[in-house]
K.L.:
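My structure is below; once you've seen it, I'll send some questions.
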Number of protein chains: 2
Amino acid sequence: MRQKRIRGERTTLLDVANKAGVSAITVSRALREPDRVSEELRERILKVVAETGYVPDFAARALASRHNGIVCALIPEVSSLAVMNIIHGIEARLQDTDLRIQYANAWRDADKEKRQLELFLSQHPAGILMAGGQNQQIIVDLILGAKCPVVHMIDINLTALGTVVGSDHCTAAKVAIRHLLDCRYRRIAILGAGVDLRVQRRLEGYRVTLEEEGLYDPQLVMMLPEATSVPLGCRMLRETMESHPDVDAVFCLNDDLALGAYFECKRRGMRVPEDFGICGYNDVNFAAVAEPPLTTVRIPRYDMGYRAADLLIRQINGEKAAHQSIDLGFQLMVRGTTRDTA
Amino acid sequence: MRQKRIRGERTTLLDVANKAGVSAITVSRALREPDRVSEELRERILKVVAETGYVPDFAARALASRHNGIVCALIPEVSSLAVMNIIHGIEARLQDTDLRIQYANAWRDADKEKRQLELFLSQHPAGILMAGGQNQQIIVDLILGAKCPVVHMIDINLTALGTVVGSDHCTAAKVAIRHLLDCRYRRIAILGAGVDLRVQRRLEGYRVTLEEEGLYDPQLVMMLPEATSVPLGCRMLRETMESHPDVDAVFCLNDDLALGAYFECKRRGMRVPEDFGICGYNDVNFAAVAEPPLTTVRIPRYDMGYRAADLLIRQINGEKAAHQSIDLGFQLMVRGTTRDTA
DNA sequence: CTGTTAGCGCGTTCAT
DNA sequence: ATGAACGCGCTAACAG
């Protein structure tokens, strides 16, 4: 009986096998496919596993089986409220699965996004989940070469990227702008940050709708590459009002920006919603409880994460991707930062 | 010359080696330690690498080298503003390093924390970073068994857990409470959520300080296990005021709770800071720009992440851990939600 | 500076 | 239901 363990390393499958008096593969099976091992052996093996504190080596498992049981999620920026709900949804679905999940930041940067995607791919992940995306072409290339399923949550219309779960951000923006128009706001600026494919779609909805009314003014578009945040919302509103004092409403492409815009309005003594309207996007958790509560576009992000994870799991389990795209819709939440419609 | 490539798999090191007419190890070296390969060979090899689009297999690399070049970070909840700064700091330090980072949620749950730590360990990470922690004993056990360096950012006094970068949360809380007392608030409630080791330390500082003044009342302590959030802050303030209408200030263990508490105060017509004081914790990005701006305790979280990553890198590179703990201090930011001191 | 040999720990395949 | 042999792709250790 070969006993290697030259160095005081951690317990391996072989150690467990030796101690239990069976072969390595039987231990492996007892752990992964309990049904294929007799009850007697299984019990004996599990006992040794518990005693020795054996933990499978994922690197070895990944190398041998061609997938490491980990779902990798590429997120524009993990620390944001909008993403939080998606993550909750994903983990809810992965609960009680033998899959695990890990995240990485893409930082809304095409280059970092690419490198991270490559890093993921090089680890034999069970699958990849993408929320957001910068460069469509790069993503397509990498995804086509991937040997694991990929599901993304960018925009329902980007089916070129493979399976997608999400909403139509262009239409959602159109509805939001319609609402602001219905409230009789006329000089509507748009504030966006962390520009990615989704943000671009929202901008398009804004432009198209205002053009229809002959109210589109490219000067009122402010798009910054940096990450969205409350302080940035303050700054953007301030700059907007200083260069265009006649603006009477802002469509903020994220609720953080909207909250920042609101604080700044308050500071400047502007009356919201009477003289100035604010519409956010996402309906993150503080939107409904702010004072005044924030008018915003609700995107079902929890469901998005859940469904995306669900689709991914099905594909991991060999199911053919039935739906190439699932539209979860959106909902305009009319609250306190826009005045009553006429 | 052995040409396997039976299946249409991806390019391997051997493929590159064959094409370049060298051995596998030389390609490996050309990629990892360029200096040890002659310039001529290196150029030839890198050319083939580029042509074939070769990407290293991290699972194989991890198995062979006993570490996969990935720093794993265990975070209580990745989607929170407080964590955002830490993450920025970490990634700033890891920038231009050949290390990469990935995150996982511990969900402020001892069991999940343990499982995730095991999962990390089983992947041969280059190192582990922990922000927050639930169960000291479990963590100690796992960390002692780890064969990679571990640095945590829980509380400066928890040196039992190994290398630590952070602040003294107990003292910070004492200073905050002192400030509230100086502002002549007397019935000070404490609102906390997502209770973990750090939150417990803050609670201790609160208790000790009020006990000294004979003002401690356990009824005014509200600690919830669920995650901190703005809506939760609203709810906790509401419940506090309903059961103890005489409370005249709250110490919120996170700024989200403080913002929620403020919104609720505004809704209830309470005057902040004249009749009611609010002090937050962390000084997340919205604190300074809120209207009124939020009095809070600033923890240097960006530096924390940066220094923690720095220490980890040093240990990965074989340096002995010189400092076992680095105290980054804290700072009370007196702003608009507490009235002037007497 | 470069190559050879020998695994890393596990799962797959094919026997039994 | 269990096991033997082999290989996954790469790097450490040692040679030359």
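Convention: sequence-line order gives letters A, B, ...; per-chain numbering from 1. FYI, side chains are in, hydrogens and waters are out, and symmetry mates aren't considered; it's all heavy atoms of this structure.
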K.L.:
With a 4.5 Å heavy-atom cut-off, do B:Glu77 and B:Val83 have their side chains touching?
P.N.:
no
K.L.:
Give me the residues of residues 29-51 of chain B where at least one heavy atom lies under 4.0 Å from an atom of DNA chain C, by number, or none.
P.N.:
B:Arg29, B:Asp35, B:Arg36, B:Val37, B:Ser38, B:Leu41
K.L.:
Rounded to 10°, tell me the angle between the two end axes of the helix from C:dC1-D:dG16 to C:dT16-D:dA1, each built from five pairs.
P.N.:
20°
K.L.:
Just checking A:Leu13: base, sugar-phosphate only, or nothing, at a heavy-atom cut-off of under 4.0 Å?
P.N.:
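If one applies the 4.0 Å heavy-atom cut-off, A:Leu13 turns out to touch the sugar-phosphate alone, with no base involved.
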K.L.:
Which residue is it: B:Glu91, B:His88, B:Gln102? I am looking for the one with a side chain to side chain donor-acceptor pair (under 3.5 Å) to A:Asn105.
P.N.:
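Going through B:Glu91, B:His88, B:Gln102 one by one, the side chain to side chain donor-acceptor pair (under 3.5 Å) with A:Asn105 is satisfied by B:Glu91 alone.
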K.L.:
Please tell me if the side chains of A:His152 and A:Ile154 come closer than 4.5 Å, counting only heavy atoms from C-beta onward.
P.N.:
yes
K.L.:
If you check the A:Leu63 side chain, which of C:dC10, C:dG3, D:dG9 turns out closest?
P.N.:
D:dG9
K.L.:
Rounded off to whole Å, could you give me the NE2-to-C1' distance for the B:His124 and D:dG9 pair?
P.N.:
14 Å
K.L.:
May I have the distance from B:Asn18 (atom CG) to C:dG3 (atom C1'), rounded to whole angstrom?
P.N.:
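Going from CG in B:Asn18 over to C1' in C:dG3 covers 14 Å.
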K.L.:
So do the side chains of B:Cys148 and B:Ile128 get within less than 4.5 Å of each other, counting heavy atoms only?
P.N.:
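Touching, per the 4.5 Å side-chain cut-off.
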K.L.:
Report the distance from atom CG of A:Asp57 to atom P of C:dG7, rounded to the nearest whole Å.
P.N.:
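After rounding, the reported distance stands at 18 Å.
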K.L.:
If you measure from the Lys or Arg side-chain nitrogens to the Asp or Glu carboxylate oxygens, is any gap between B:Lys19 and B:Asp15 under 4.0 Å?
P.N.:
no
K.L.:
Filter on side chain to side chain donor-acceptor pair (under 3.5 Å), then keep only pairs touching residues 39-55 of chain A, sequence neighbours left out; what's left?
P.N.:
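Sorted pair list comes back empty.
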K.L.:
Atom CG of A:Leu14 to atom C1' of C:dC10: distance rounded to whole Å?
P.N.:
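Whole-Å distance recorded here is 11 Å.
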K.L.:
Are B:Val165 and B:Leu328 side-chain neighbours, meaning at least one heavy-atom pair lies under 4.5 Å?
P.N.:
yes
K.L.:
Within the structure, does a side-chain N or O atom of B:Thr12 lie under 4.0 Å from either OP1 or OP2 of D:dG9?
P.N.:
no
K.L.:
If every non-hydrogen atom of B:Pro149 is compared with every non-hydrogen atom of B:Ile316, which pair is closest and at what distance?
P.N.:
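The pair with the smallest heavy-atom distance is CG-CG1, 3.6 Å.
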K.L.:
Report yes if some heavy atom in the side chain of B:Leu129 is under 4.5 Å from a heavy atom in the side chain of B:Met153; otherwise report no.
P.N.:
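Contact flag for B:Leu129/B:Met153 side chains = yes.
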K.L.:
So what does B:Phe58 touch, heavy atoms closer than 4.0 Å: a base, only the sugar-phosphate, or nothing?
P.N.:
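Touches nothing.
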K.L.:
Would you say C:dG11 has OP1 or OP2 under 4.0 Å from some side-chain N or O of A:Ser28?
P.N.:
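Affirmative; the distance criterion is met.
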K.L.:
With respect to the side chain of A:Ser65, which nucleotide from D:dA12, C:dT12, C:dG9 is positioned closest?
P.N.:
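Given the options D:dA12, C:dT12, C:dG9, the side chain of A:Ser65 is closest to C:dT12.
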K.L.:
Quickly work out the A:Ile25 CD1 to C:dG11 P distance and round it to whole Å.
P.N.:
7 Å
